[in-house]
Amino acid sequence: MAVDGAAAVPAPLVRIRGVTKAYVRGKQRIEVLHGIDLDIPDGDFVALMGPSGSGKTTLLNLIGGLDSPSAGELTVAGERIDALSGEALAHWRAETVGFIFQSYNLMPVLSAQRNVELPLLLTAFGAGERRRRARLALALVGLDDRAGHKPSELSGGQQQRVAIARALVSDPRILICDEPTGDLDRKTADEVLTLLQLLNRRFGKTIVMVTHDPKAADYAARTVHLDKGSLVDAPAAGH
Amino acid sequence: MKYLHLVWSALLRRKTRTLFTLLSLTAAFLLLGLLQAMNSLVAGSADFLGADRLITQARISFTQPLPMRMLPQVESVPGVTRVAHSQFFGGVYQDQRQGFPQFVVGPQRLLDVYPEWILPEEQRLAFVSTADGAIVGARLAERFGWKLGDIVPLTSFIWTRADGSRNWEWRIVGIFEGRDDEWRDRAQLMYLNYAQFDEARSPGARGLAGIFIVQVADPGMAEEVAAAVDARFENSPDETKTQAEAEFQLGFLRQFGDIGFIMNAISGAVFFTILILTGFTMSQAVRERIPELAVLKCLGFTDRAVLWLVLAEALLLCALGALAGMLLASAVTGALPPDFPPLRTDLRVWAFAGVSVLALAAAVGLPPALRAMRLRIVDALAGR
Ligand SMILES: Nc1ncnc2c1ncn2[C@@H]1O[C@H](COP(=O)(O)OP(=O)(O)OP(=O)(O)O)[C@@H](O)[C@H]1O
Ligand SMILES: [Mg+2]
């Protein structure tokens, strides 16, 4: 099966082949992604850029297993996630992916600590172990002194760091970030991006990050451009 | 149970709204508890009555007294051991609010068919031999502070004396007690000697016995005996209807309207109101949490897990409100003054509340829970 010595290269963590996504609205079928091919190796930090409405969020959601493609193959961390059912996909997400959103999306009534513990509720860990791991994740993002604070008692940057701790706590292979610094000022954005870079370099987390900000993209190892549902200058697989 | 704090925090999200919903639930279940306690009293009042006693009444209505001359004929029906007679006296003591029932009876016959009443021997003899004698239940005597020898004036709204007066005087010659807790609770009535009653009432009414209390030898044969008694008087001027004592009691209560039906109708209305109110709260609570529920799904909570979270939230809300309401209802029924009917939030009432909570939680929780379950993550996150 080995072609051109490809057997020596480990399979990419994310392998996208001919992925198409179309939305049907009434009688109209709107194709948002047109046959995307993309490989993301383990340990990569990819910035996904492109004009508004080009399909960045749609592609990111597909990689994170939040949605299923209309056509094409999508292999992430060894799993053909385009073939997984809703329930199996949920379990797969819990084990494999961490999500970071532009608007943080923390539970407003839960403390930082409880927010970070949320993904661990789906594991077999006991209460003590959950607390310990959440503490550790909060320490990693530099917020162990804010464990008891509610999101409303934290600044935007701090909330985003709690969200990063929540995404990290179950030790996922891949972090999915949709404009993580979109709501932050330059200085805070830089802090958050530095943190993401650290997670990538020190802890080997694969990161896919959508951003509009070229300065944010500079923190990534490479940038992929999407325009009107197609990749513009991404190196195709095998190049 | 590790999800409990998640469910709990959802309720704490809007403290005021949750508090008001809880208060409404509490008020509703207080009302439901009291209504059902009344219902239980009506339904349960006849349960304890002896299975070996039948009541023979006039076929037309139990308010139509049967003549005394029928008594030996009833007594001679095979399977009948003893027969007593009883006439509702309808007396008012002091003022209307002090209501308690009085029955005019043949003393020895009455005590023979009601072994549940305990009376000292000399008092029994006094009751039998005193024409204007009366015996009162211990709880009634306690309530009015009556002692042996006291004279109790009663104004009957049914029976006039030969002289046209409605005022009767009765001499307390005995105080009886119930054999067990159930009967001690019911020792709140008064028996009057038929001797003075029949002699003093207007001549046209003399010789009327009221209803007959028929004791049967074998409770298993009660139905056959009842049929035999009624057959005996078929086509006579005094046709009869004979039924188990418990049945008779229920029929007596039913003449005030079907109390059970009224209670259940009000309960239904209360339930419906609280259903609408809680249903609104729950759908509101879920609607404003759509993005949060979507995030839970992102993190790997399955659709089914989210469904159960919302259902658990509805259940917790309803159960807390119901518990508070039922505890209040118990406190209220426990603190009722003694001249109230003995209302109790018994097991039947608690079971009713329990079933109501489950039905309510399902009805108000299921629609938003299904909505949460069907929620598509990408749409919810994008605010679509
Ligand atoms: N559920 C949906 N139904 C219909 N159309 C959709 C749906 N989701 C996305 N779209 C359309 O798909 C296109 C791409 O949307 P997407 O959110 O991926 O863009 P984006 O690149 O992330 O844009 P932005 O930079 O503004 O976030 C848009 O035209 C959008 O209207
Ligand atoms: Mg987007």
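Here is how names work: the chains are called A, B, and so on, in the same order as the sequence lines, proteins then strands, and each is numbered from 1.
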Among the listed options [options], the residue most often paired with chain B at heavy-atom distances under 4.5 Å:
options	result
A:Ser170, A:Ala90, A:Ala94	A:Ala90
A:Ala167, A:Pro108, A:Ser103, A:Gly86	A:Pro108
A:Val97, A:Leu110, A:Thr58, A:Asp178	A:Leu110
A:Val109, A:Asn61, A:Ile176, A:Leu122	A:Leu122

Practice problem: Supply the atom-to-atom distance A:Ile16 CD1 to A:Leu38 CG, rounded to the nearest 0.5 angstrom. | Solution: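 Between A:Ile16 CD1 and A:Leu38 CG, I get 4.5 Å after rounding to 0.5 Å.
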Self-check item: Spatial distance of atom OG1 (B:Thr21) from atom CD1 (B:Ile274) [nearest 0.5 Å]
Solution: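 CD1 of B:Ile274 is found 8.0 Å from OG1 of B:Thr21.
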Quiz item: Can you pull out the residues in residues 306-330 of chain B with any heavy atom less than 4.5 Å from chain A?
Solution: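 At a heavy-atom separation under 4.5 Å, chain A is reached by no residue of residues 306-330 of chain B.
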Relative to chain B, which segment of [X] carries a heavy atom at a distance below 4.5 Å: side chain, backbone, both, or neither?
X	result
A:Asn105	both
A:Leu121	both
A:Ser111	neither

Practice problem: Might you point out which heavy atoms bring A:Asp37 and A:Gly18 nearest each other, and give the distance in Å? | Solution: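 The answer is OD1-N, 2.7 Å.
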Please determine if [X] and [Y] form a salt bridge, counting it only when a charged side-chain N lies under 4.0 Å from a carboxylate O.
X	Y	answer
B:Arg139	B:Glu142	no
A:Lys205	A:Asp171	yes
A:Arg135	A:Asp144	no

Looking only at side-chain N and O atoms, does [Y] offer a donor or acceptor that is under 3.5 Å from a partner on [X]?
X	Y	answer
A:Gln113	A:Glu117	yes
A:Thr20	A:Glu31	no
B:Asn264	B:Gln36	yes

Self-check item: Residue of the set A:Asp42, A:Thr206, A:Thr96 for which side-chain hydrogen bond (donor to acceptor under 3.5 Å, both in side chains) holds with A:Arg173
Solution: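 Only match with A:Arg173 under side-chain hydrogen bond (donor to acceptor under 3.5 Å, both in side chains): A:Asp42.
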Quiz item: Which bit of B:Arg289 is near chain A, if near means a heavy-atom gap under 4.5 Å: side chain, backbone, both or neither?
Solution: neither
Quiz item: Given the options B:Leu12, B:Leu381, B:Asp303, which has more heavy-atom pairs under 4.5 Å with chain A than any of the others?
Solution: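 Looking at each option in turn, the highest pair count goes to B:Leu381.
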